[in-house]
Amino acid sequence: MTADKKFCMNSYLMFRYVYDEEKCFSERRPCRPVKLDFERMPVVDSGSLQNAIKSVIDRVCAQGKAALALSGGVDSAVLARMVPAGTKAYTFRCIVQGVSTIDESAAAGKWAELNRLDHEVIDIYWDDMVKAADACMEHKGAPIHSIEAQIYLAAKRALKDGKTYFIFGENADIIYGGMDGLLARDWFFSEFADRYTYIMPYRVLKEPMMLLEPYRTYEIDGHIDGYDFINTYFRQEALGTYINACETAGIEFIGPYSRTYLNVPIDYGRIRAGDTKYIIRELFRELYPGTELPSKIPMPRPMNEWLAAWRGPLRPEFIPRCTEGMTGDQKWMIWCLERYLNKFLEDEKID
């Protein structure tokens with residue numbers, strides 16, 4: 001593994017992880033790669049998806065040592081139907097003093113009650129996030145996604161409660177057509193790169209690099225197939241996030257959806273007509289007949305509120321006041337990158 005801080009900074013800003021496994025911020029702190037070469041089961045319809053998910057859940061729940069991360073969404077509801085009654089289920093709730101934020105606990109509680117799960121809400125504060133981020137970054141050898149800190153905090157609670165497996169609905173959106181914004185149209189190369197890139201490095205760094213190799217991998221005649229791209233690069237980033245957080249906490253990540261793949265062409269027509277994740281929706285209707293489909297709500301992370309007073313990075317690698325006009329999630333990435341450099345590369349020579 002070769003130390004290339006400049007590449008790693010740019011890769012993190014663009015793709016939210018260091019996509020080249022041969023590069024790291026520092027040879028003394030190599031990035032921890034996540035291998036995704038595990039066996040995956042083919043899915044063609046709701047029945048084969050149910051069988052695949054159930055085979056994973058039955059295995060990890062056999063000894064009563066598994067917990068479920070339970071949101072208010074359809075992916076979690078499907079998993080909640082398949083775990084045994086009495087299974088411990090955790091829902092995250094972020095607390096910002098004096099501010100009303102997204103709270104999935106009531107919606108998640110509905111699925112917990114219907115399936116007789118032992119439901120617990122984990123309140124998360126900014127100070128918790130900072131400590132969790134430090135732990136996850138040290139283990140990963142790189143800055144992290146904000147969700148990573150929340151997962152770590154919940155995983156620590158599950159471990160304290162005697163659990164050894166933590167079940168998540170991650171990868172359902174990526175594999176089964178839930179990323180409707182990225183699948184909404186046929187993209188020109190430049191349009192897709194603009195749409196997917198989290199932060200353009202030239203907005204933030206004094207020495208930016210445009211790392212376009214991941215996009216070029218899926219370029220055909222100047223266009224990019226969004227489904228193929230996200231099932232490689234986004235899937236790697238997302239699973240890396242969940243696996244690292246759970247490993248850092250000392251518990252095993254279990255992603256039943258991630259253990260499957262779609263063995264028929266994705267139906268763009270249905271997705272673009274609003275029927276996203278149509279196979280999972282069909283399975284939900286079979287498991288919960290007559291129940292209204294829940295609305296899609298992203299995992300709550302109130303970065304706009306938590307980082308409202310942050311004035312931006314001070315290190316010399318960054319452009320002064322570069323965070324002006326950015327979203328809270330973008331600010332987190334820059335905050336996290338600077339914190340990683342300060343805390344874990346402080347003994348490195350600053351270029």
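One-based numbering along the sequence shown.
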Sorted by chain and residue number, the salt bridge (charged side-chain N to carboxylate O under 4.0 Å, His left out) partners of Asp186 (sequence neighbours excluded) come out as Arg272
Taking only residues two or more places apart in sequence or in another chain, which ones pass salt bridge (charged side-chain N to carboxylate O under 4.0 Å, His left out) with Glu148?
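Result, salt bridge (charged side-chain N to carboxylate O under 4.0 Å, His left out) vs Glu148: Lys140.
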With sequence neighbours excluded, residues passing side chain to side chain donor-acceptor pair (under 3.5 Å) with [X]:
{"X": "Lys160", "result": "none"}
{"X": "Asp123", "result": "Arg93"}
{"X": "Glu120", "result": "Lys88, Arg157"}
{"X": "Thr323", "result": "none"}

Could you check whether [Y] and [X], counting side-chain N and O atoms only, form a donor-acceptor pair closer than 3.5 Å?
{"X": "Tyr17", "Y": "Thr241", "value": "no"}
{"X": "Asn342", "Y": "Arg315", "value": "yes"}
{"X": "Ser258", "Y": "Tyr242", "value": "no"}
{"X": "Tyr218", "Y": "Asn231", "value": "no"}
{"X": "Asp45", "Y": "Ser48", "value": "yes"}

What heavy-atom pair brings [X] and [Y] nearest, and what distance separates the two atoms?
{"X": "Tyr257", "Y": "Asn171", "value": "CB-C, 4.3 Å"}
{"X": "Met137", "Y": "Pro143", "value": "SD-CA, 3.7 Å"}
{"X": "Leu307", "Y": "Gly328", "value": "CD1-O, 3.9 Å"}
{"X": "Lys331", "Y": "Met326", "value": "CE-O, 3.7 Å"}
{"X": "Val96", "Y": "Pro302", "value": "CG2-CG, 3.6 Å"}
{"X": "Ile144", "Y": "Ala149", "value": "CD1-N, 4.2 Å"}

Could you tell me if the side chain of [Y] sits less than 4.5 Å from the side chain of [X], heavy atoms only?
{"X": "Met41", "Y": "Val56", "answer": "yes"}
{"X": "Arg216", "Y": "Glu219", "answer": "yes"}
{"X": "Tyr90", "Y": "Asp161", "answer": "yes"}
{"X": "Met209", "Y": "Leu211", "answer": "yes"}
{"X": "Leu205", "Y": "Phe318", "answer": "yes"}
{"X": "Met303", "Y": "Thr327", "answer": "no"}
{"X": "Phe344", "Y": "Ser26", "answer": "no"}
{"X": "Ile224", "Y": "Glu191", "answer": "no"}

Check: Can we say Lys35 and Glu21 salt-bridge, meaning some charged N sits less than 4.0 Å from an Asp/Glu carboxylate O?
Finding: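 Result for this pair is yes, salt bridge flagged.
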Could you go through the side chain to side chain contact (heavy atoms under 4.5 Å, CB included) check for Ile254 and Arg259 one step at a time?
-> CA-CA 9 Å; Ile254 301 296; Arg259 294 281 174 169; over 6 Å; no
(request) Would you please indicate if the ring centroids of Phe284 and Trp111 are separated by under 6.0 Å? (result)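 That pair passes the under 6.0 Å test.
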| said: Please confirm whether the ring centroid of Phe188 lies under 6.0 Å from the ring centroid of His223. | reply: yes
With sequence neighbours excluded, residues passing side-chain contact (heavy atoms from CB on, under 4.5 Å) with Asp20:
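Testing Asp20 for side-chain contact (heavy atoms from CB on, under 4.5 Å), a comparison that skips the adjacent residues, returns Phe7, Glu22, Lys23.
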Sorted by chain and number, sequence neighbours left out, side-chain contact (heavy atoms from CB on, under 4.5 Å) with Pro42 holds for Tyr261, Asn263
Derivation of the side chain to side chain contact (heavy atoms under 4.5 Å, CB included) call for Tyr340 and Arg29: CA-CA 11 Å; Tyr340 180 79; Arg29 288 186 178 276; 4.0 Å; yes
Run Tyr12 and Met333 through side chain to side chain contact (heavy atoms under 4.5 Å, CB included) and show every step you take. CA-CA 8 Å; Tyr12 171 71; Met333 290 181 65; 3.7 Å; yes
Mind checking whether [X] and [Y] sit in one hydrophobic cluster, side chains of I, L, V, M, F, W, Y counted as touching below 4.5 Å?
{"X": "Phe92", "Y": "Val121", "result": "no"}
{"X": "Trp335", "Y": "Leu314", "result": "no"}
{"X": "Phe189", "Y": "Met210", "result": "yes"}
{"X": "Ile220", "Y": "Tyr268", "result": "no"}

Distance-only donor-acceptor hits, side chain of residues 194-204, under 3.5 Å, sequence neighbours excluded:
unit_1	atom_1	unit_2	atom_2	d
Thr197	OG1	Ala193	O	2.7
Thr197	OG1	Tyr215	OH	2.8
Tyr198	OH	Arg16	NH2	3.0

query = Is the count of non-hydrogen atoms from other residues, nucleotides or ligands lying under 6.0 Å from Glu213 atom CD greater than 12?
reply =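 Check passes, neighbour count above 12.
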Is it the case that more than 12 heavy atoms not belonging to Glu113 sit under 6.0 Å from its CD atom?
no
Sequence neighbours excluded, every pair satisfying salt bridge (charged side-chain N to carboxylate O under 4.0 Å, His left out) that has a member inside residues 52-63:
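Listed by first then second residue: Lys54-Asp58.
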Q) Checking side chain to side chain contact (heavy atoms under 4.5 Å, CB included) for the pair Glu237/His145: CA distance, chi angles, key distance, verdict? A) CA-CA 9 Å; Glu237 182 259 312; His145 188 311; 3.5 Å; yes
Quick one: does [X]'s side chain have a donor or acceptor within less than 3.5 Å of a partner on [Y]'s backbone?
{"X": "Asp267", "Y": "Arg270", "value": "yes"}
{"X": "Arg32", "Y": "His139", "value": "yes"}
{"X": "Gln236", "Y": "Val34", "value": "yes"}

Roughly how far, to the nearest 0.5 Å, is [atom2] of [Y] from [atom1] of [X]?
{"X": "Ile124", "Y": "Gln150", "atom1": "CD1", "atom2": "CD", "value": "4.5 Å"}
{"X": "Thr260", "Y": "Ile175", "atom1": "OG1", "atom2": "CD1", "value": "4.5 Å"}
{"X": "Thr91", "Y": "Leu70", "atom1": "OG1", "atom2": "CG", "value": "4.5 Å"}

According to the interplanar angle, ranging from 0 to 90°, do the rings of Phe168 and Phe166 count as parallel (below 30°), tilted (30 to 60°) or perpendicular (above 60°)?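 The rings of Phe168 and Phe166 sit tilted, inter-plane angle from 30° to 60°.
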In short, side chain to side chain donor-acceptor pair (under 3.5 Å) pairs touching residues 125-138 with sequence neighbours left out are Asp134-Arg339
Counting only pairs under 3.5 Å, give me each side-chain donor-acceptor contact of residues 74-81, with atom names and distances, residues two or more places apart or in other chains.
unit_1	atom_1	unit_2	atom_2	d
Asp75	OD1	Lys277	NZ	3.0
Asp75	OD2	Lys277	NZ	2.8
Ser76	OG	Ser71	N	3.1
Ser76	OG	Ser71	OG	3.1
Arg81	NE	Leu287	O	3.1
Arg81	NH1	Asn115	OD1	3.0
Arg81	NH2	Leu287	O	3.2

